Each structure stands twice: as structure tokens, then as C-alpha cells.
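One structure is given here, and the rest of the page talks about it.
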Amino acid sequence: MTDQNLKRFCILICNFDFCILIFGFLCGCQSGNLYKDNRVLMGTFVEVASEDKRAPEIVFNEIKRVESLLSKYKQGSGVSRLNKTGKIQASPETFYVIKKAKEFSEKSGGAFDITVGPLVDLWGFSQKKYRVPDEESIKEALKLVGSDKIILNSRNNVIELKIQGMKIDLGAIAKGYAIDCAVKKLRESGIKSCLINAGGQIYALGTKSGRPWNIALRNPYKKTFKEHFKLTDKAVATSGGYEQYFVKNNRHYSHILDPLTGYPAQTRIASVTVIAGDGLTADAVATALYVLGREKSTRLLNKYPGVTAKIYEEKDLR
Ligand code: AMP
Ligand code: MG
């Protein structure tokens, strides 16, 4: 795949109801019977469409709140304090997300692992200063990787990292959780219909004028739609190697790393789309499946009844 193609299809999921928003409006507006707005939050473009005027603001405020808890880039967030000091008394939410992340790590046999922080830094993905590290540095960084080295004390919400230098990165799960929180707030406010798209992490709340929301999965290699979903009260998450990557000596290095090897995952997968009842699960499982590859995907999916996945290798999309 050429760089040009990759860039052209940086938005993998295109929601039909959002197409109008993307091309027509860049500020809060009403289109048909939908109120639509967008904001850059959690390092991505967050779009909201709802029949209720209050929905976009509720969603943005909630995502912002979660970002301030979970982002490793936000000074003072629980995660950045943990990365700095190695031990914190976490907020109940931070504790919950890290506990869930540890479970995903166990269930995926280590394919999903939020302790990839040192590797993400080493490959230059945190600062967007990409490089191919030497093997020795990867070996050293791998000593700091492994969710078994996160100690959780549920009596007092204290989280401790066993080895100095360990770093947590919730990039593969935080957006899904943020969307879940936003949906909870919408429901509490009596809002029954809303579509949220946070950089490919989607939640379809209720219906649009009585009919399920229409989600289109775009082929990252062609200007066509690969798949359509009609969804109500479901989360969709997509992980793809084209989302963030660099090319060196004709090799493509993606931001999703294999915590067992220390190198970008190399499972021939172009993209994985997961549908689940909640955003956190969809987000984490999509990343895990990208690392595991098609052959090992069933084993993980069997552990999550009701969760489904569409896995595409490059050859399926060409
Ligand atoms: P996603 O786009 O949800 O698949 O998340 C990718 C992001 O999660 C990366 O940009 C890293 O910050 C982080 N990450 C990379 N590899 C892994 C992994 N194997 N497990 C958990 N998080 C990862
Ligand atoms: Mg993810």
C-alpha cells in the first residue's frame, strides 16, 4: 500500500449519518432532525449526532473529564502520576480501567498489555519522533513490560508498578471507556438517541427516528464501503496499522506493538472491527485481535460471548 493510499483512508469507519457532518459542517449545527457537533479530544476527532440538542455538550464534557483522568499526556492525571512515581492511590475510575486492562491482558495471553508504555516511547510513537530501535534497547524495554507487574490493591485503590521505569499507556482502551461514560451521562439526562464517533470508536445509542443507526465500514484501500452495520445500543471499535505508522527502508511500522516481541505486531491484519455491548470491551478486544491475528482470534472471542469481529487482511481488501 502506498503512503498516499494510507493517508486517503485514514478514516476507516465512515458513518453515513456523519458524512454530512464531516463534509458540510465544522461547527455546531442542526441538520435534518439531528444536532451535530465535533471537537478534538483525546487526540482525535470526536463527532456527535443526536435528536437532542443537549447531547454534543454532554458527550464532549464527559470525554474531556475522562481524558484528564486517563491520558498519559495530561500532567496531573492518575496515569501520568503513576508513570512518574510508580505508585498512586487511584480514583475509583482509574483503578477500574487499569483492573479491566489487566484482565484483557490475561485473557489475550499478553497480546493486549497497557504496560507497553516504554516500547511506545522507544519506537517514538509517544512524541511522533519515529525510529527503529536497536535490538538491545528493545530487550531492555521488554523487561519493563507485563501486566503481571502491576500490583492492584482493591481495598484502598492503590496501584503500584513493580519495576522502576514501567509505564502505563491506556491508548488502546481509554477512548472506549470514555464513550461508555458519555453514554451513561446521556442516559442519565434522559437522552435516548445519539451517535458518537471518537476517531473510529463508535457508540450507537438507541435509534435514529425509530430506525437503527447505519454504520458503514470503509475499505482502507479503495474508495468503497466494505461492510454495513445497522446498530442499536452497540459499540464499534476499529484497530488498524494504518492509523499511526512510519515507513523506513520500505518497511511499514505500526503503532500497535506486540508486547511479547517488542516489535510492531506483524499478523498481516490490515484492520479489525469489533462490535460489543460496551466501548471499553470493543476497544480492548480490537487491539488484542490486531496483535493476535486471524488464526488466534477465535480463542479470544470465545471468552467474550456476544462480541463479534470483522478481521481484514490486506489481501481481503485489495
Ligand atoms: P488502538 O488504536 O485502540 O488499537 O490502540 C493503539 C494504541 O494503544 C497505541 O497507539 C499505543 O498507545 C497503545 N498500544 C500499542 N500496542 C498495544 C498493545 N499491544 N496493547 C495495549 N496497548 C497498546
Ligand atoms: Mg483499542
Side-chain angles (χ1 to χ4, degrees), residues 10-13 42-45 67 70-74 79-80 83 97-98 100-130 138 141-142 144-148 150 166-180 197-203 220 235-246 253-267 269-276 278-293 296-297 300 304 307 309 311:
C10 63
I11 298 170
L12 175 74
I13 295 260
M42 295 184 106
T44 196
F45 202 58
E67 182 180 19
L70 304 182
S71 170
K72 68 174 183 178
Y73 300 104
K74 293 270 173 202
V79 170
S80 67
N83 287 345
V97 174
I98 292 182
K100 290 295 287 182
K102 218 177 133 134
E103 283 170 26
F104 284 113
S105 182
E106 280 158 22
K107 290 216 166 123
S108 66
F112 179 92
D113 201 315
I114 57 166
T115 62
V116 288
L119 286 169
V120 176
D121 289 349
L122 188 63
W123 284 89
F125 287 109
S126 302
Q127 301 305 324
K128 295 193 172 32
K129 289 186 178 149
Y130 310 118
I138 292 175
L142 276 173
L144 305 172
V145 177
S147 286
D148 55 322
I150 305 174
M166 280 178 72
K167 279 183 187 166
I168 299 294
D169 181 325
L170 296 178
I173 194 169
K175 271 187 270 169
Y177 176 70
I179 283 188
D180 290 342
N197 176 14
Q201 305 291 321
I202 289 172
Y203 194 91
V236 185
T238 296
S239 281
Y242 51 83
E243 284 171 340
Q244 210 188 323
Y245 68 97
F246 67 94
Y253 296 95
S254 99
H255 67 130
I256 303 176
L257 305 170
D258 184 336
L260 303 180
T261 66
Y263 284 81
Q266 288 176 346
T267 47
I269 288 184
S271 85
V272 186
T273 296
V274 171
I275 302 179
D278 66 279
L280 180 136
T281 303
D283 197 355
V285 171
T287 308
L289 291 180
Y290 184 89
V291 176
L292 285 172
K296 294 184 189 156
S297 62
L300 180 66
Y304 294 97
V307 175
I311 297 175

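Bear in mind the structure is a predicted one, so any value in this text is a computation, not a measurement. If you read the sequence from its start, that first residue is 1, and numbering goes on from there. For ligands, and for the atoms within them, numbers begin at 1 and follow the listed sequence.
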Approximate separation, where rounding is to 0.5 Å, of Tyr73 OH and Asn83 CG: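 Rounded to the nearest 0.5 Å, the OH-CG separation comes to 10.5 Å.
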Roughly how far, to the nearest 0.5 Å, is CD1 of Ile150 from OG1 of Thr115? 6.0 Å
Between [X] (side chain) and [Y] (backbone), is there a donor-acceptor pair under 3.5 Å?
{"X": "Trp123", "Y": "Ser254", "result": "no"}
{"X": "Asp113", "Y": "Pro259", "result": "no"}
{"X": "Ser105", "Y": "Gly110", "result": "no"}

A cation-pi test, strictly: NZ or CZ of Lys107 under 6.0 Å from the centre of the six-membered ring of Tyr304 and no more than 45 degrees from its axis. Yes or no? yes
If you leave out waters, which protein N, O or S atoms are less than 2.8 Å from the Mg ion (ligand 2)? Ala172 O, Asp283 O, Asp283 OD1, Thr287 OG1
Kindly write out the residues that satisfy ring pair (Phe, Tyr, Trp, His ring centres under 6.0 Å) with Phe246, not counting sequence neighbours, or none if the list is empty. Phe125, Tyr130, Tyr253
With Tyr203, which residues qualify under ring pair (Phe, Tyr, Trp, His ring centres under 6.0 Å), at least two apart?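 Per chain and number, Tyr203 pairs via ring pair (Phe, Tyr, Trp, His ring centres under 6.0 Å) with no residue.
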Distance-only side-chain donor-acceptor flag, Thr267 / Lys296, under 3.5 Å: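 Note: Thr267 and Lys296 side chains miss the donor-acceptor criterion.
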Go ahead and list the nitrogen or oxygen contacts between ligand 1 and the protein that come in under 3.5 Å, distances to 0.1 Å, or just say none.
{"unit_1": "ligand 1", "atom_1": "3 (O)", "unit_2": "Asp283", "atom_2": "OD1", "d": "3.0"}
{"unit_1": "ligand 1", "atom_1": "3 (O)", "unit_2": "Thr287", "atom_2": "OG1", "d": "3.0"}
{"unit_1": "ligand 1", "atom_1": "4 (O)", "unit_2": "Ser239", "atom_2": "OG", "d": "2.6"}
{"unit_1": "ligand 1", "atom_1": "4 (O)", "unit_2": "Thr287", "atom_2": "OG1", "d": "2.7"}
{"unit_1": "ligand 1", "atom_1": "8 (O)", "unit_2": "Ala172", "atom_2": "N", "d": "3.3"}
{"unit_1": "ligand 1", "atom_1": "10 (O)", "unit_2": "His255", "atom_2": "ND1", "d": "2.9"}
{"unit_1": "ligand 1", "atom_1": "12 (O)", "unit_2": "Asp169", "atom_2": "OD1", "d": "3.0"}
{"unit_1": "ligand 1", "atom_1": "12 (O)", "unit_2": "Asp169", "atom_2": "OD2", "d": "2.9"}
{"unit_1": "ligand 1", "atom_1": "16 (N)", "unit_2": "Leu257", "atom_2": "N", "d": "3.0"}
{"unit_1": "ligand 1", "atom_1": "19 (N)", "unit_2": "Ala111", "atom_2": "O", "d": "2.9"}
{"unit_1": "ligand 1", "atom_1": "19 (N)", "unit_2": "Leu257", "atom_2": "O", "d": "2.8"}
{"unit_1": "ligand 1", "atom_1": "20 (N)", "unit_2": "Asp113", "atom_2": "N", "d": "2.9"}
{"unit_1": "ligand 1", "atom_1": "20 (N)", "unit_2": "Asp113", "atom_2": "O", "d": "3.4"}

